[in-house]
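A quick write-up on the structure given underneath.
Note: hydrogens, waters and symmetry copies are ignored here, and every other heavy atom, side chains too, is used.
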Amino acid sequence: MTGTGPVSAEVGGAGGWLVDLLAHPFVQHALLAGTAIAALSGLVGYFVVLRGQVFAGDMLSHVAYTGALAALAAGVDLRFGLFAATVGVGVGIGLLGGRATSDDVVIGNAMAWVLGLGVFFLALYTTYRATGNSSANVAVLFGSIFGISAGAAVTAAAVAVALIAVLLVIARPLLFASLDPAVAAARGVPVRLLGPLFLAVVGATAGEASQAVGALLLAGLLAAPAAAAQRLTDRPWRALALSPVLAVAAMWLGLGLAFAVPILPPSFTIMAVATLEYLAAVLVTGRGRAAPRRCGGRSGRGRPH
């Protein structure tokens, strides 16, 4: 009996801390929006990493910043600018470059140009609009998930669920086209249509993730859990299922850590946990990286399973 006292106290203390955490409305809102956004980012991020489009995803973070500041400078909801800019540029990348792996120079120059536009819109915003919302620029860059309202959290979760549904509908042909586009095209998969459609989803995901971790860090939320999942298994469907689990875990642990240590911003803690997940996967698997299996190889006699 005497040995159970400290253990019970520790369990009770941990349970009390969790109850205290969940009792705060701002934490509830952050968990609602953050869980949906993280699950979406994990699913989309798997295909981003698989298709070698992380650099394109990073460009969309710059686009998200510029789009949000353009909306703020125009005096409209920043989410309108976020989604209009990221989805539009995502479709454009898909139409011009397919996988966007051979156009790194073009993307790099476009990133610099887009960021320059962001500075221009920032100057307009701080000159004419900043008096009403002087912290918006910081929120766009680094996120403000603990400051998200109940209505915004519900909206973010609903948009994320809708995008997850779209991605799940196209997941099988997209996976086939990602692993072997030539064979997929020969079998009637609309490869040229899937590219822009997927990058439109990536753009919308960038707009979503910017609300949680900010425009500067959203590429990490897309890439780190997905890269960790690909290292832990070479089976595409298992990796696709594992990636959102790791992303949601990073979101939950990051939010809990930021709540427990208020000096730490949630964007930092979320990305720190996601990075640690990737480093742990590297340590577990060694230097070699698990690669998704290509069923059928060049002959095209099989499909991913």
Less than 4.5 Å apart, any side-chain heavy atom of [X] and any of [Y]?
{"X": "Leu246", "Y": "Tyr278", "value": "no"}
{"X": "Leu31", "Y": "Met251", "value": "no"}
{"X": "Thr285", "Y": "Leu232", "value": "yes"}

Worksheet item: Of all residues at least two apart in sequence or in a different chain, which pass the ring-ring contact (aromatic ring centres under 6.0 Å, His included) check with Phe121?
Response: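 Scan of Phe121 (ring-ring contact (aromatic ring centres under 6.0 Å, His included), adjacent residues dropped) gives none.
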Which atoms form the tightest heavy-atom contact between [X] and [Y], and what is the distance?
{"X": "Leu255", "Y": "Pro266", "value": "CD2-CB, 4.2 Å"}
{"X": "Ser243", "Y": "Ala226", "value": "OG-CA, 3.2 Å"}
{"X": "Val89", "Y": "Met59", "value": "CG1-CE, 4.1 Å"}
{"X": "Thr66", "Y": "Val114", "value": "OG1-O, 2.7 Å"}
{"X": "Arg231", "Y": "Ala281", "value": "CB-CB, 4.2 Å"}

Worksheet item: Would the Phe259 and His24 ring centres measure less than 6.0 Å apart?
Response: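 Phe259 vs His24: aromatic centres under 6.0 Å.
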Quick one: [atom1] on [X] to [atom2] on [Y], what's the gap to the nearest 0.5 Å?
{"X": "Leu221", "Y": "Leu40", "atom1": "CG", "atom2": "CG", "result": "9.0 Å"}
{"X": "Ser210", "Y": "Leu82", "atom1": "OG", "atom2": "CG", "result": "5.0 Å"}
{"X": "Leu174", "Y": "Arg51", "atom1": "CG", "atom2": "CZ", "result": "5.0 Å"}

Discussion item. Connecting only ILVMFWY residues whose side-chain heavy atoms lie within less than 4.5 Å of each other, what is the rest of Leu32's hydrophobic cluster?
Written reply: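 In the cluster with Leu32 are Val154.
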Worksheet entry | Check: Thr205 side chain, Val201 main-chain N or O, donor-acceptor pair, under 3.5 Å | yes
Discussion item. Please check this pair: side chain of Ser61 against backbone of Asp58, looking for a donor-acceptor N/O pair closer than 3.5 Å.
Written reply: yes
Worksheet entry | Joint hydrophobic cluster, Leu218 plus Val273, side-chain heavy atoms closer than 4.5 Å | no
Practice prompt. Evaluate whether atom CZ of Phe146 has more than 12 neighbouring non-hydrogen atoms of other residues, nucleotides or ligands under 6.0 angstrom away.
Written response: yes
Practice prompt. Kindly check if the number of other-residue, nucleotide or ligand heavy atoms within 6.0 Å of CZ (Phe26) is above 12?
Written response: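 More than 12 heavy atoms, drawn from other residues, nucleotides or ligands, come within 6.0 Å of this atom.
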